[in-house]
A.B. asks: 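Dropping a structure here in structure tokens format, bear with me for questions.
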Amino acid sequence: MTAPKLMYSEDQAAAHDRVAEILSGAGIDLANGRLGPPKSKGSGVVAVIGKAGSGKTLLLAELYRELEQAGVEIVSGDYESRRRKEKRTLAILAPTNKAASVLRLRGVPATTIHRILYTPVYDPEYERIAEWLANNGERPEIEALSDQALDRAAAFYANNKSIPGALAAAGLRGSDFITGWKRREDPLDIGFIDEASMLDDRQFEDLKDIFSTLIMFGDPAQLAPVNQSGSMVFDALPDARKLELQRVHRQDADNPILDLAHALADPELQFQDFERMIEDTARRDDRVVWGQRVEVDLMARSPVLVWRNATRIRLINAFRAVHDAPADALLAGEPLICDGSELPLKYRKKRLDLEARGLIKGAQVVYLGPGKRSGMSRLHVLGAEDPQVSAASIVKIEMPDEEEPFIPYAARMGATFLHGAAVTIHKAQGSQWDTVQVFAPDLFVAARMGRVEAGQPLWKRLAYVAITRAQQRLIWVVRNRLSKPSHALRVDDLRGLPAAPLSLEVEEQ
């Protein structure tokens, strides 16, 4: 076998070597750091699958570093040089901003699938700066920018491989240098897809059209996408194309949250037994909490995870009530979940603008306040590289026992949002938070119903996904109660983050 730098477990080492073999067939020799020319057929599709803690992300990160050291160029989706055609390239993608941000925190330059499907069009004047930063051109002279501004851009790009971030450091706004977005036409080389269990069939087909070599990393124990009949896109791959990681990596071996998640694989385990296991763990480890109520202070940044929509709606309205939120408006700091966009076909470019800036279905957003015009909202997209946006918004707040939602803000068309203080476990896939609250009474109902999905009791799949969203602490909430807030909703913690917003306003016609 080859000798990767990290001390892999046996199954990680085997998966690493198999991926290296596949890349070698595509003309990339990782062992010797040699690159051949791109091959149009590539090596097809392979999946690295394993449960939480088995080392999928660690393996992805190390493979990325080896490819970069070998000279493979990283495609981020924020800018692509026109001189790239003969280079070997890698794009690292995730289905949501939050999932991509988890990788970026590990030093992996991930972006969303949408940012690869739709590429930016740069103003030619400022494209010269992008080419220089990417080592494809001489240092430009730009009348509107001083030498100090260009130095700031270069310093930023040296530490953060983001062209828009570098241009923002030079004092430019997105609307200065990005003139629009277009659907990708040119194919790409190698793609790494994290959280591949979230992919639906249409996304999978799009990705296969774009990448000649596609390596997916996914968890087969998670919930399949809605309308996928309980299956995931990698289920249909032949066994030789599925590399399974089974051993929990040594770095995660003492994690009580992962211990609980893996205990769900026991076919004899009943719901009541599992709750006793959680209660026992909570007595000896403060990373697991047996919660008597929902902690309302956490809901503004980390939603309560539930199974049923009715529970979600009740918790959202309780959250707004304890914060004395007015019935006809949002408070700054209220969390939202993007539910897509409502735009006619003639506004296709505006839809691309919204999606490319992170306002895709499932994106987590914090409301910052009203925009300058009626129907506009100032928003912070959690996990996005350039998070501050102003967008035409349609905000829907569902009410208990009411068929139609209450709509405090409504442009004639634009991005649509639901409240985000509580979300279903399905929508939480791909996201992680330091602390996660799981509403156990909902899972008890699922257990009593006896529903089965992909051969496993549904409550176990729900519990597994919910538990593995927690990075540091799990709160298993056992009673239908809500605490009082200890402070008002806030947005000051978001102000220090990069904010060079591209205004995504839909013009009225």
Side-chain angles (χ1 to χ4, degrees), residues 47 49-54 95-96 99 195-201 218-236 244 246 257-279 281 288 290-291 294 302-316 337 361-362 398 418 422-433 436-470 474-480:
I49 58 177
K51 291 186 178 181
S54 59
T96 66
E195 297 289 351
S197 56
M198 297 176 64
L199 294 180
D200 59 33
D201 290 333
D219 186 340
Q222 292 201 38
L223 295 159
V226 178
N227 300 324
Q228 288 280 104
S229 302
S231 64
M232 299 173 187
V233 293
F234 48 71
D235 288 342
E244 188 166 0
Q246 296 182 333
I257 298 170
L258 287 181
D259 288 343
L260 291 168
H262 289 292
L264 291 161
D266 181 356
E268 302 300 321
L269 185 71
Q270 301 299 311
F271 183 81
Q272 292 82 355
D273 303 326
F274 184 62
E275 285 212 311
R276 297 293 75 77
M277 189 180 295
I278 294 173
E279 196 170 14
T281 303
V288 176
W290 183 261
V294 174
S302 176
V304 182
L305 304 188
V306 304
W307 174 44
R308 296 176 296 178
N309 267 317
T311 306
R312 178 180 63 85
I313 293 168
R314 285 200 308 272
L315 285 171
I316 287 169
I337 298 290
K361 195 174 181 70
E398 296 145 297
L418 303 175
V423 302
T424 62
I425 294 169
H426 264 100
K427 282 195 174 180
Q429 288 195 136
S431 296
Q432 287 187 312
W433 299 271
V436 164
Q437 300 186 85
V438 180
F439 195 72
D442 256 23
L443 300 189
F444 174 65
V445 172
R448 288 190 62 183
M449 292 177 66
R451 288 179 56 178
V452 174
E453 183 177 291
Q456 187 178 25
L458 176 61
W459 77 265
K460 288 187 176 182
R461 296 183 75 91
L462 291 167
Y464 177 87
V465 172
I467 286 171
T468 54
R469 301 310 93 204
L474 168 69
I475 302 177
W476 187 263
V477 180
V478 296
R479 303 187 70 178
N480 190 11

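Start at 1 with the first residue, then count along the sequence. Because the structure is a prediction, the values reported are computed rather than measured.
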A.B. asks: Check whether any side-chain heavy atom of L443 sits under 4.5 Å from a side-chain heavy atom of I425, and report yes or no.
C.D. replies: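 The answer is yes; the side chains approach within 4.5 Å.
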A.B. asks: Write down the atom of K460, the atom of L264, and the distance for their closest heavy-atom approach.
C.D. replies: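 Nearest pair, atom of K460 first, then L264: CD-O, 3.4 Å.
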A.B. asks: At what distance, to the nearest 0.5 angstrom, does CZ of R461 lie from CZ of R451?
C.D. replies: 12.0 Å
A.B. asks: Taking only residues two or more places apart in sequence or in another chain, which ones pass ring pair (Phe, Tyr, Trp, His ring centres under 6.0 Å) with F234?
C.D. replies: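 Applying ring pair (Phe, Tyr, Trp, His ring centres under 6.0 Å) to F234 gives none.
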A.B. asks: In chain order, what residues pass the side-chain contact (heavy atoms from CB on, under 4.5 Å) check against D273, with sequence neighbours excluded?
C.D. replies: L269, Q270
A.B. asks: side-chain hydrogen bond (donor to acceptor under 3.5 Å, both in side chains) with R469: which residues, sequence neighbours excluded?
C.D. replies: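 side-chain hydrogen bond (donor to acceptor under 3.5 Å, both in side chains) check on R469 returns nothing, list empty.
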A.B. asks: Go through the structure and list residues passing ring pair (Phe, Tyr, Trp, His ring centres under 6.0 Å) with W459, not counting sequence neighbours.
C.D. replies: F271, F274
A.B. asks: Taking only residues two or more places apart in sequence, or in another chain, which ones meet E268 in a side-chain contact (heavy atoms from CB on, under 4.5 Å)?
C.D. replies: D266
A.B. asks: The criterion is side-chain hydrogen bond (donor to acceptor under 3.5 Å, both in side chains); which residues satisfy it with E279, sequence neighbours excluded?
C.D. replies: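 Result, side-chain hydrogen bond (donor to acceptor under 3.5 Å, both in side chains) vs E279: R276.
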A.B. asks: According to salt bridge (Lys or Arg N to Asp or Glu O under 4.0 Å), who are the partners of E398, at least two apart in sequence or on a separate chain?
C.D. replies: R312
A.B. asks: Which residues pass the salt bridge (Lys or Arg N to Asp or Glu O under 4.0 Å) test with K51, not counting sequence neighbours?
C.D. replies: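 Salt bridge (Lys or Arg N to Asp or Glu O under 4.0 Å) check on K51 returns nothing, list empty.
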A.B. asks: Between T281 and W476, is there a side-chain heavy-atom distance shorter than 4.5 Å?
C.D. replies: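 They are not in contact (no side-chain heavy atoms under 4.5 Å apart), so the answer is no.
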A.B. asks: Just to verify, what does V445 make a side-chain contact (heavy atoms from CB on, under 4.5 Å) with, not counting sequence neighbours?
C.D. replies: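 V445: side-chain contact (heavy atoms from CB on, under 4.5 Å) contacts with W307, R308, M449.
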